Amino acid sequence: LDVTLITNGNSATTTYAIYNNTDSNYIAEDGTDNGSTPVFQTSTEWGTGGVITITGLTTNTPHQFSVIAKNRDNVEAATSSLSNNTYTLAVQAGAPTVNGATTTTLDITIDTNGNPATTTYAIYNSIAGAWINTDGSSTVTPTYQTTTEWGSGGTITATDLNTSTVYQFSVIARNGSGTDAATSSLSNASSTLAVSAGTPTVNGNTITTLDVTLITNGNSATTTYAI
């Protein structure tokens, strides 16, 4: 996160210490955690325009900061008010895993990639061009939920899929302030099961041949059959 000092009219020689109120530590010259020891620098020393990038923060977590000003006689002013509560970004979700195929459903498991439990995710069916709804059905708009809300172990059953059809899914992670991470890689290509073929019809008999006609029973054109 970038923290910008507000000098409030102090002279250029005034020095400032920055405190991470969320993690209870002062900020070092390079933006890292400096523990309980304050580091005082001028606004210019902290960075161009008084901006310092704070590093080592927890993913998708709200943070607040405050600042203490000190004059040349080392007398500190009162601590500033807290900054706005700002979230770090969520990391890109991993490619989801897909298994548990039936003729019309597939189980999708979200890979959080280390995001905290409060992170929400939307699941996209890249083959059908549709988002997955809370009940596993398809919808035109993304639905964001935590992995727990999606289901035990972050697994949701996508329903109403076509029989014997290959599907791939992707996931988008969102942080607490509604900012999306990059879309995950696509899942493994997984197919729903074929339904049982219908009873074939037999006709066109000659002395040595018979014509056998397959009954696909609604399976997709890519389905293969043995007779």
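Scope of the values below: all heavy atoms of this structure, side chains included, with no hydrogens, waters or symmetry mates. Just so it is clear, the structure is predicted and the values come from calculations on it, not from any experiment.
- In terms of the side chain to side chain donor-acceptor pair (under 3.5 Å) criterion, Asp160 has no residue partners (sequence neighbours excluded).
- Separating the CG atom in Asn34 from the CD1 atom in Ile27 is a distance of 8.5 Å, to the nearest 0.5 Å.
- Contact between Gly94 and Ser184 at its shortest, heavy atoms only, is O-CB, 3.5 Å.
- Hydrophobic clustering of Ile, Leu, Val, Met, Phe, Trp and Tyr side chains at less than 4.5 Å, counting indirect connections, unites Ile52 with Val39.
- Side-chain contact between Leu161 and Tyr167: present, with at least one pair of heavy atoms (C-beta onward) separated by less than 4.5 Å.
- Checked by atom type and distance alone, the side chain of Asn60 never pairs as donor or acceptor with a backbone atom of Tyr87 at under 3.5 Å.
- Judged by distance alone, the side chain of Ser83 and the main-chain N or O of Gln64 form no donor-acceptor pair under 3.5 Å.
- Residues passing the side-chain contact (heavy atoms from CB on, under 4.5 Å) test with Asp2 are Val51, Thr53, sequence neighbours excluded.
- By the side-chain contact (heavy atoms from CB on, under 4.5 Å) test, Thr86 is found to be paired with Leu1, Asn84, residues two or more places apart in sequence or in another chain being considered.
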Expected list for residues 200-215: side-chain donor-acceptor pairs under 3.5 angstrom, two or more places apart:
unit_1	atom_1	unit_2	atom_2	d
Thr206	OG1	Thr208	N	3.2
Thr206	OG1	Thr209	N	2.9
Thr206	OG1	Thr209	OG1	2.6

Per-pair distances, 0.1 Å, donor-acceptor, side chain in residues 105-114, under 3.5 Å, sequence neighbours excluded:
unit_1	atom_1	unit_2	atom_2	d
Thr105	OG1	Thr102	OG1	2.6
Asp107	OD1	Thr157	OG1	2.7
Thr109	OG1	Thr155	OG1	2.7
Asp111	OD1	Asn113	N	3.0
Thr112	OG1	Gly114	N	3.4
Asn113	ND2	Gln92	O	2.7

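- When side chains are defined from C-beta on, Ile127 does not count as touching Val166, because their heavy atoms never get closer than 4.5 Å.
- When every heavy atom of Ser187 is checked against every heavy atom of Pro96, the shortest pair comes out as CB-O, 3.1 Å.
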Practice item. Test side chain to side chain contact (heavy atoms under 4.5 Å, CB included) on Ile68 and Thr79 and set out the steps. Key: CA-CA 5 Å; Ile68 302 172; Thr79 303; 3.6 Å; yes
For a quick test of your reading: what N or O donor-acceptor pairs under 3.5 Å do the side chains of residues 130-139 make, sequence neighbours left out?
unit_1	atom_1	unit_2	atom_2	d
Asp135	OD1	Ser137	N	3.1
Asp135	OD1	Ser137	OG	2.6

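- Residues meeting the side-chain contact (heavy atoms from CB on, under 4.5 Å) test with Ser220, sequence neighbours left out: Ser164, Thr165, Thr222, Thr223.
- Counting only residues at least two apart or on different chains, the salt bridge (charged side-chain N to carboxylate O under 4.0 Å, His left out) pairs with a member in residues 167-190 are Arg174-Asp180.
- Residues Ile172 and Trp150 do not share a hydrophobic cluster, defined by chaining ILVMFWY side chains whose heavy atoms lie under 4.5 Å apart.
- Atom CG of residue Asn10 and atom OG1 of residue Thr42 lie 12.0 Å apart, to the nearest 0.5 angstrom.
- Taking both residues in full, the closest heavy atoms of Ala90 and Asn175 are given as N-CB, 3.7 Å, listed atom of the first, atom of the second, then distance.
- The ring-ring contact (aromatic ring centres under 6.0 Å, His included) contacts involving residues 8-48 comprise Tyr19-Tyr26, where partners must be two or more places apart or lie in separate chains.
- Listed by chain and residue number, nothing satisfies the side chain to side chain donor-acceptor pair (under 3.5 Å) test with Asn162 (two or more places apart in sequence, or in another chain).
- The backbone N or O of Asn25 sits nowhere less than 3.5 Å from a side-chain atom of Asn20 that would complete a donor-acceptor pair.
- The closest donor-acceptor contact from the side chain of Glu76 to the backbone of Lys70 lies at 3.5 Å or more, if one exists at all.
- Residues passing the side-chain contact (heavy atoms from CB on, under 4.5 Å) test with Asp73, sequence neighbours excluded: Asn71, Val75.
- Checked by atom type and distance alone, the side chain of Asn115 never pairs as donor or acceptor with a backbone atom of Thr59 at under 3.5 Å.
- With Asn21 contributing its side chain and Ser66 its backbone, the two residues share a donor-acceptor pair below 3.5 Å.
- Residues passing the side chain to side chain donor-acceptor pair (under 3.5 Å) test with Glu29: none are found, sequence neighbours excluded.
- Residues Ser126 and Leu186 have side chains in contact (heavy-atom distance under 4.5 Å, counting atoms from C-beta outward).
- Heavy-atom contacts from other residues, nucleotides or ligands closer than 6.0 Å to CG of Asp30 number more than 12.
- Residue Asp23 is tested with Leu57, Asp33, Ile54 for a side-chain contact (heavy atoms from CB on, under 4.5 Å); the sole match is Leu57.
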Check your understanding: Does the side chain to side chain contact (heavy atoms under 4.5 Å, CB included) test come out yes or no for Thr183 and Tyr124, once each step is laid out?
Key -> CA-CA 9 Å; Thr183 303; Tyr124 186 68; over 6 Å; no
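- By the 4.5 Å heavy-atom criterion applied to side chains, Thr163 and Asn217 are not counted as neighbours.
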